[in-house]
Amino acid sequence: MSESVLPIDFAGLIREGDLVVCGQATAEPLTLTEALMAQAAQLPPFRMMIGPVFSETFSAASPNVSFQSYGVIGTTRRLARAGRLEVIPSNYSAFCADFATRRHQADVVLVQLAQSGGRLSASLSNDYVSDAARGARLVIAEINPEAPFTFGAEWPEDVPIHRRVTARRPPVELASTSLDDTSRRIASHAASLIADGSTLQFGVGRIPDAILSSLSHARNLGIHSGLINDAVVDLIERGAVTNAEKGIDAGIAVTNQVIGTQRLYRFVHENKAVAVRPTSYTHGQGTLAQINRLVAINSALQVGLDGSVNSETLNGIAIGAIGGQLDFVRGANASRGGRAIIALPATASDGSSRIVANVETVTTPRADVDAIVTEWGIAELRGCGLAERARRLIAIAAPEHRDALSAQIRKPAG
């Protein structure tokens with residue numbers, strides 16, 4: 001902290017072995033988390049449950065703090081590389097539900113809230129924090145005057161707030177990544193699978209941004225996603241997103257998290273056309289099955305020749321997450337006219353193929369796979385046998401790897 005006086009003294013508040021849960025991604029309560037990390041060396045050993053992190057708060061954390069998360073996203077990669085992050089392999093929906101059922105029991109919760117007219121809102125994320133707070137010993141809220149008040153994320157009246165501080169920092173921002181030729185080529189192929197009237201789900205990163213940027217010509221698109229970003233504002237302002245044909249939540253863009261810049265935050269502030277709903281709704285199979293033409297757009301680290309998708313590990317090291325991928329893949333498969341798209345570059349940064357004979361970790365099973373997209377084309381896998389899947393996937397691998405992949409196809413017996 002740059003200020004000489006910290007906003008709160010955690011001495012006596014944090015007990016040995018406590019599980020401290022804080023808001024994730026852009027909902028991180030920076031004033032509180034920075035103060036906690038500044039004092040951590042003088043506190044008894046404790047654990048922190050974190051999600052994606054887009055700040056530098058935990059990069060040089062005291063050794064008496066151990067970390068847990070449902071994946072490795074953003075700057076948590078540094079903790080993972082240092083062997084300081086325990087990954088809980090769980091679908092995002094189940095991870096959040098585990099706080100409601102007390103399978104994960106929080107002791108202390110740090111949350112960023114927005115305030116408007118005496119009302120409080122969880123603002124940028126309506127995830128597991130309120131359920132964690134409901135069972136916590138201590139809830140500390142950072143009231144951030146620069147955080148947008150969002151509908152759907154109103155703070156529950158039955159969840160007490162024991163201490164409040166005023167934020168000294170604006171909310172975390174995450175700008176869109178610059179697009180490259182590979183992501184544009186992937187986006188061109190993926191966009192051909194997205195019909196007018198589709199409802200979109202997508203994640204963070206260059207490829208989802210490229211796909212969204214390629215859809216400005218589309219009509220009557222809807223949004224029902226784990227997150228929204230600045231690209232959604234572009235699509236709404238250009239008239240491509242109307243949310244008119246979703247089948248549910250007509251006229252409303254539904255999300256679980258808001259991850260972007262101040263432009264996005266200003267757009268969602270007290271905007272009734274945007275709803276930041278709880279995970280049980282945004283990722284719930286009963287909800288997703290009601291949506292018309294739900295198109296789930298997700299990424300991967302590897303795809304096996306049988307269609308299995310790995311979004312979690314490489315060489316035994318966790319560098320990704322299950323997240324909501326399987327929640328939305330299965331939801332899209334159950335949706336009327338839905339599509340589940342896994343989009344990835346055909347080649348990794350080291351030149352190796354991301355289409356492989358066998359993945360080392362299965363995030364999305366081959367039975368759930370629909371379409372795989374690389375810069376070399378589309379492999380439609382739903383309903384295909386293993387031999388045909390392999391042929392189609394090799395066709396969208398990088399040309400320099402196709403012969404080696406073909407040699408690894410098992411010949412049928414006899």
Side-chain angles (χ1 to χ4, degrees), residues 25-27 54 114 116 121-126 144 146-153 170-180 183-184 186-277 282 291-299 328 339 341 343:
T26 55
F54 301 123
S116 177
S121 164
S123 183
L124 299 173
S125 185
N126 193 356
N144 196 328
E146 297 187 58
F149 186 95
T150 56
F151 294 104
V172 175
E173 295 183 60
L174 185 68
S176 298
T177 51
S178 58
L179 304 183
D180 57 13
S183 60
R184 289 190 180 94
I186 293 170
S188 176
H189 293 302
S192 70
L193 300 174
I194 302 172
D196 288 349
S198 295
T199 298
L200 308 178
Q201 173 270 326
F202 48 89
V204 172
R206 182 177 284 116
I207 292 174
D209 285 351
I211 294 171
L212 292 178
S213 70
S214 71
L215 296 175
S216 58
H217 65 282
R219 296 182 178 183
N220 289 326
L221 296 176
I223 302 293
H224 183 107
S225 185
L227 66 92
I228 58 172
N229 55 18
D230 286 48
V232 169
V233 182
D234 291 334
L235 289 174
I236 291 174
E237 290 180 344
R238 292 171 183 170
V241 167
T242 64
N243 291 298
E245 297 185 11
K246 296 167 63 179
I248 61 173
D249 299 315
I252 300 173
V254 173
T255 185
N256 182 248
Q257 298 182 60
V258 178
I259 299 179
T261 68
Q262 284 294 333
R263 178 192 179 211
L264 174 64
Y265 303 162
R266 289 190 296 270
F267 181 82
V268 302
H269 178 62
E270 296 192 325
N271 185 347
K272 292 186 177 180
V274 178
V276 183
R277 299 270 176 83
T282 58
I291 298 173
N292 294 329
R293 296 181 293 279
L294 175 61
V295 178
I297 304 166
N298 289 281
S299 59
F328 279 107
R339 297 303 309 262
I341 300 170

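Below, each value reflects all heavy atoms present in this structure, side chains not excepted, and no hydrogens, waters or symmetry copies.
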Between the side chain of [X] and the main-chain N/O of [Y], is any donor-acceptor distance below 3.5 Å?
X      : Y      : value
His224 : Gln201 : no
Arg206 : Thr177 : no
Glu173 : Gln262 : yes
Thr26  : Val258 : yes
Asn256 : Asn126 : yes
Ser225 : Phe202 : yes
Ser123 : Ala147 : no
Asp196 : Arg219 : yes

Write down the atom of [X], the atom of [Y], and the distance for their closest heavy-atom approach.
X      : Y      : value
Ala195 : Ser198 : O-OG, 2.7 Å
Ala343 : Ile211 : CB-CD1, 4.4 Å
Arg263 : Val233 : NH2-CG1, 3.6 Å
Ala296 : Phe328 : CB-O, 3.6 Å
Ala210 : Ser183 : CB-O, 3.5 Å
Leu193 : Arg339 : CD2-NH1, 3.8 Å

Measuring from [X]:[atom1] to [Y]:[atom2], what's the distance to the nearest 0.5 Å?
X      : Y      : atom1 : atom2 : result
Leu124 : Asn144 : CG    : CG    : 8.5 Å
Ile297 : Leu215 : CD1   : CG    : 7.0 Å
Ile228 : Leu235 : CD1   : CG    : 11.5 Å
Ile248 : Asn243 : CD1   : CG    : 10.5 Å
Ile194 : Leu221 : CD1   : CG    : 7.5 Å

Check your understanding: Between Asn229 and Asp209, do the side chains contain an N or O donor and an N or O acceptor separated by less than 3.5 Å?
Key ->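 There is such a pair between these side chains.
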
Exercise for review: State whether a side-chain donor-acceptor pair under 3.5 Å links Asp230 with Thr261.
Suggested key: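 Thr261 and Asp230 do have a side-chain donor-acceptor pair below 3.5 Å.
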
**Study point:** Non-hydrogen side-chain atoms of Ile207 and Ser299 separated by less than 4.5 Å
**Key:**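 Answer no - side chains too far apart.
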
